[in-house]
Amino acid sequence: MNRDRLYKSILFLSLVGSVWTVLNLYNMSLPFLGCLFYKLTGLPCPACGSTRSVTAFLFGDYRGAFTINPLGLLTSFCMIIACIWICKDYLFHSDSFYKVFQKIKLFVQRRSVAFVLIFLLLANWLWNITKQL
């Protein structure tokens, strides 16, 4: 994926996530847009609870936010940093985020790293299932 496409994709997904979070902050979420995986299987997906996690964090319930789903906090933090960094790159005609993204991508593609990340994702998923999110 080239630099501009990556930057636009991340900014777009961040905007969609932000709008979704704001809708949920004001209890205006659209009930038919819930987790499709949960609707089909009756089991929470690894990301289930992410919106509630972010909402809890925004209201100052840091422990609750982590307990609901740590992936929500991690994803939100990464997206905020990425958006700020991408805007800086656009402003200064740089591609520093893209270069770091490529290095992280190569690092994550290593078998040992990928195995650990998959294990953590599965552990989070099992935690979601046992909490009956």
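Each of L13 and V19 belongs to its own hydrophobic cluster when Ile, Leu, Val, Met, Phe, Trp and Tyr are linked at side-chain heavy-atom distances under 4.5 angstrom. When hydrophobic clusters are built by joining Ile, Leu, Val, Met, Phe, Trp and Tyr residues whose side-chain heavy atoms come closer than 4.5 Å, directly or via intermediates, L23 is not grouped with F12. If you chain together hydrophobic residues whose side chains sit under 4.5 Å apart, V22 and V54 fall into the same group.
Hydrophobic side-chain contacts under 4.5 Å tie I80 into a cluster, directly or through other members, with I84.
Taken to the nearest 0.5 Å, the OG atom of S94 stands 11.5 Å off from the CD1 atom of I86. Atom CG of L11 sits about 8.0 Å away from atom CE of M79, to the nearest 0.5 Å. The OG atom of S76 lies 11.5 Å from the CD1 atom of I81; values are rounded to the nearest 0.5 Å.
Between N128 and C48, the shortest heavy-atom contact is ND2-O, 3.4 Å. Nearest heavy atoms, M1 versus Q102: O-NE2, 4.1 Å. Considering every non-hydrogen atom in both S53 and I68, the closest pair reads N-CG2, 3.9 Å.
Judged by distance alone, with hydrogens and angles left aside, the side-chain atoms of T41 form a donor-acceptor pair with the main-chain N or O of F37 at under 3.5 Å. With hydrogens and angles disregarded, no donor-acceptor distance shorter than 3.5 Å links the side chain of W127 to the backbone of P46. Between the side chain of N124 and the main chain of N69, no donor-acceptor pair closer than 3.5 Å is present. Remark: side-chain polar atoms of R52 are not paired, donor with acceptor, to backbone N or O of G72 under 3.5 angstrom. Between the K131 side chain and the T67 main chain, a donor and an acceptor come within less than 3.5 Å of each other.
For the pair L6/I10, a side-chain contact is recorded, criterion being any heavy-atom separation below 4.5 Å from C-beta on. Contact annotation: the side chain of L71 approaches that of L121 to within less than 4.5 Å [non-hydrogen atoms, C-beta and beyond]. Put simply, the side chain of T55 reaches to within 4.5 Å of the side chain of F59, judged on heavy atoms.
With respect to D4 and K8, no salt bridge is recorded, no charged nitrogen being found less than 4.0 Å from a carboxylate O.
Judged as a ring pair (Phe, Tyr, Trp, His ring centres under 6.0 Å), and not counting sequence neighbours, the contacts of Y62 are F57.
When the shell of 6.0 Å around NZ of K88 is examined, it contains more than 12 heavy atoms from other residues, nucleotides or ligands.
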What's the verdict on side chain to side chain contact (heavy atoms under 4.5 Å, CB included) for V100 and I104, showing C-alpha distance, side-chain angles and the deciding distance?
CA-CA 6 Å; V100 170; I104 291 171; 3.7 Å; yes
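Sorted by first and then second residue, the ring-ring contact (aromatic ring centres under 6.0 Å, His included) pairs with a member in residues 81-103 read Y7-Y90, Y7-F97, W85-F97; sequence neighbours excluded.
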